[in-house]
Amino acid sequence: MTEQPITLEGHLVHITYYNQANHFMIARFKENVSGSNISILGHFPDPNLGENLRIEGAWQNHAKYGPQFRMNHYEILLPETPEGIRKYLLSAHIKGIGPKMASRIIKQFGDRTLDIIENAPKKLATIKGIGRQRVQLISDSWKAHHTLRNLLAFLRENGVDLSFGARIFREYGADAIQTLQHNPFKIINDIPGIGFFVADQIVNNSGAPIDELERAKACVLYMLKKAADEGHVFLYYRELLERCRKSFDLAEEGCANKLAALLSVQDNVPVPNPEIINQEIFNKLAIQLSSEQLDVVNGIVSERVAVITGGPGTGKTTLIRSIAAVFDALGEKTALAAPTGRAARRIAEITRKKAATVHKLLQYSPAEMVFERNRDNPLDASVIIIDEASMLDIHLTHALLNAVTVTSKVILVGDISQLPSVGPGNVLADLIRSKKIMTFTLTTIFRQARTSRIIINAHQVCQGKLPALDEPPPGDPLPEFSFIEENDPKRVARRIVDLSCNTIPNMLGLDSVRDIQVITPMHKGVVGTLNLNALLQKKLNPTTATGSSTPAGIRYKPGDKVMHLKNNYQKDVFNGDIGVVTSVDKTSELLVVDFEDRRVDYTFSETDELTLAYAISVHKSQGSEYPAVIVPLVTQHFALLQRNLLYTAITRGKRVVVLIGSRKAVRIALNNDKPRRRSSKLYQRIINCCF
């Protein structure tokens, strides 16, 4: 297993080697605790002697040069004292600042100097000898000095080879990160040779909805450019398809082969009498299963691989609790997991058993970008149950199955009508479609759920039928499910703010920040996440901004509702986790977020892992439930209006769901069932492997 990364603090004392083309550095580093000089190596742009750093990595032994510390992550520790700031400004070679000018600036601004240069450079003009041109020179030089380092950090977080950083920076300069975040496929045309896979890595890691058509075009364009580099004038259609297909071919083939292997091994677990199973569940959980549920439990005990699917109110969660209890009684070791942190915690709370994200279950190593649980180091469990399995993409499924022993059982639970995975593949649908994997489809809606207008209307949408679009009379209490007709997007946005801040809290006693969630199909536009977050932040948390600024220019403040954007195993916080900012300390450059069950600290340089979460995308809401949900649907969302998107949004609400927008937009979503038809061949491969 990979060792835990080691963290050291100190400063650079000698640059042994530096490659300007790819920023690879070998240097001597004086470590603070021991005071000894050590050899370090890794990608680090524009190193400066005396620069204070916090580095993270591991020791390695070179046959010729002996012990070396290979760093995979670094953090620049900016000085806080006037003298330290002076030395830093001069060592960093900021254009426009010499020794005398550095002294003048520090005399004026003291320990606020670096903050002024970065966030308010125009204030430098108050100092004698600094005109508009020099202010611009200093500001541009500072940005250039730090942008490249931020770019490398961004590439590292997205698993992209850092040697590409210099070429990307030369092309896009200070706009590099923004370009890669908003239009990553642009890199294919602008920087030949870096290729589709770099852009695709960034897109898949972002967690945002993927435009499959744009992605396919980018892949084809990359393959054609690569063929041209090989001397070809054209590619035959079949050859082009084959080149595009190979990037995911191994994962699909690996999944099919492992499933065939699991199904081929005889099951030695004794099947107890159904009456004994039912009694065991009642004794342990005080649950009386329906006949449909009991049939599933009885059947699943003897299956090596199985799928449980069904809509809301059909008892999937109860079955997970029951199945886990039965296998516990049989002496089997059970592992519970889900694709997201929120879904994993929810299933842990319900079952009162330990649950983890699939990545954590497989012991993903961010430093090595590998799963430590694999074929050579399989999971120590005989039964693996995965909830919210509709969110599994082909790569994660391949990694999961690769870590399962051939004598284990795999049970996947999910709602096939929800949105498919953000990443490539259509795994849950393909498993069911193959008809080789035993699938238990729950159809009975339980009595307590039959009266729920949320569940009734969710099933209507799932069947392509119009939900009850009844608008509540003005002043009346909001029903469990309601529709507010409003065709103007600006008025929709204003109504959402009023519903979140006044109507729902006043009528139902819910907290505007913790209990109410706006879920919208898009990020851009008047009723996209970006604008709605700005409006809701202004209304719900209007205090003067005192926090750090993210690359997108958002300022976080105590009381802000935020979402974590990517899995961070060091902090034990995961993609989709929502919390509230509790404090922002400019002096220590630290922001603290309360994620309900734990406090997580962020340095200001780490706030790009956060975004405001008063409004979130439907994709980001998967695996989560909220007391109240507000869903805007307008025709401007045309490109993303889909039946499974609307269904997923509705099923996030537990007590109240409010749709607001146009009836036309609702009908567009209902009639658009095309997203289910993703191009994948997993089902066919399973059929071929499982005779």
Side-chain angles (χ1 to χ4, degrees), residues 11-12 15 18 20 23 25 43-54 74-154 165-181 545-555 584-589 603-608:
H11 64 273
L12 297 175
I15 310 299
Y18 181 63
Q20 188 70 41
H23 305 295
M25 174 192 75
H43 291 87
F44 185 83
D46 299 332
N48 298 305
L49 295 181
E51 194 152 39
N52 292 303
L53 304 173
R54 180 183 292 123
Y74 65 83
E75 180 183 345
I76 299 168
L77 303 176
L78 294 177
E80 297 178 351
T81 65
E83 182 56 29
I85 293 171
R86 183 178 183 279
K87 289 180 179 178
Y88 180 78
L89 288 176
L90 297 179
S91 67
H93 307 297
I94 304 299
K95 294 179 181 178
I97 299 180
K100 291 183 179 179
M101 187 55 68
S103 298
R104 286 187 199 171
I105 296 173
I106 293 168
K107 184 178 180 181
Q108 175 83 0
F109 298 111
D111 58 8
R112 296 170 51 234
T113 295
L114 299 183
D115 182 56
I116 293 294
I117 293 175
E118 180 167 7
N119 299 311
K122 290 182 179 179
K123 291 184 178 180
L124 295 172
T126 61
I127 297 173
K128 184 180 179 181
I130 299 185
R132 239 181 339 178
Q133 289 185 339
R134 182 174 281 201
V135 168
Q136 193 63 49
L137 181 65
I138 293 171
S139 179
D140 291 345
S141 180
W142 176 272
K143 287 179 181 177
H145 183 68
H146 287 274
T147 297
L148 180 54
R149 294 178 173 182
N150 292 336
L151 172 62
L152 290 193
F154 174 81
R167 297 175 64 189
I168 296 172
F169 181 72
R170 284 197 298 270
E171 180 68 26
Y172 301 123
D175 297 326
I177 294 178
Q178 187 175 4
T179 300
L180 294 179
Q181 285 177 325
T546 58
S548 66
S549 179
T550 68
I554 300 170
R555 290 189 176 274
V584 180
D585 189 333
K586 273 196 166 184
T587 303
S588 61
E589 296 192 345
T603 63
F604 281 8
S605 62
E606 294 173 325
T607 54
D608 60 344

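Worth saying up front: this structure is predicted, and the values here are computed from it rather than measured. Values below: all heavy atoms of this structure, side chains included; hydrogens, waters and symmetry mates excluded.
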I85 CD1 to I106 CD1 distance, which is reported to the nearest 0.5 Å: 6.0 Å
Heavy-atom closest contact (M101 atom, K128 atom, distance): CE-O, 4.3 Å
Inter-residue atom distance L53.CG - F44.CZ, 0.5 Å rounding: 4.5 Å
Pairwise side-chain contact, Q136 with P121, heavy-atom cut-off 4.5 Å (strictly under): no
Steps toward side-chain contact (heavy atoms from CB on, under 4.5 Å) verdict (F109, I127): CA-CA 10 Å; F109 298 111; I127 297 173; 3.6 Å; yes
Test log, rule side-chain contact (heavy atoms from CB on, under 4.5 Å), inputs I116 and I105: CA-CA 10 Å; I116 293 294; I105 296 173; over 6 Å; no
Contact summary for G129 and R104, nearest pair of heavy atoms: CA-NH1, 4.0 Å
Nearest non-hydrogen partners of H11 and N52, listed with the distance: CB-OD1, 3.5 Å
P47 versus L12, closest heavy-atom pair with distance: CB-CD1, 3.9 Å
Sole candidate of L124, L137, I97 that passes side-chain contact (heavy atoms from CB on, under 4.5 Å) when paired with I130: L124
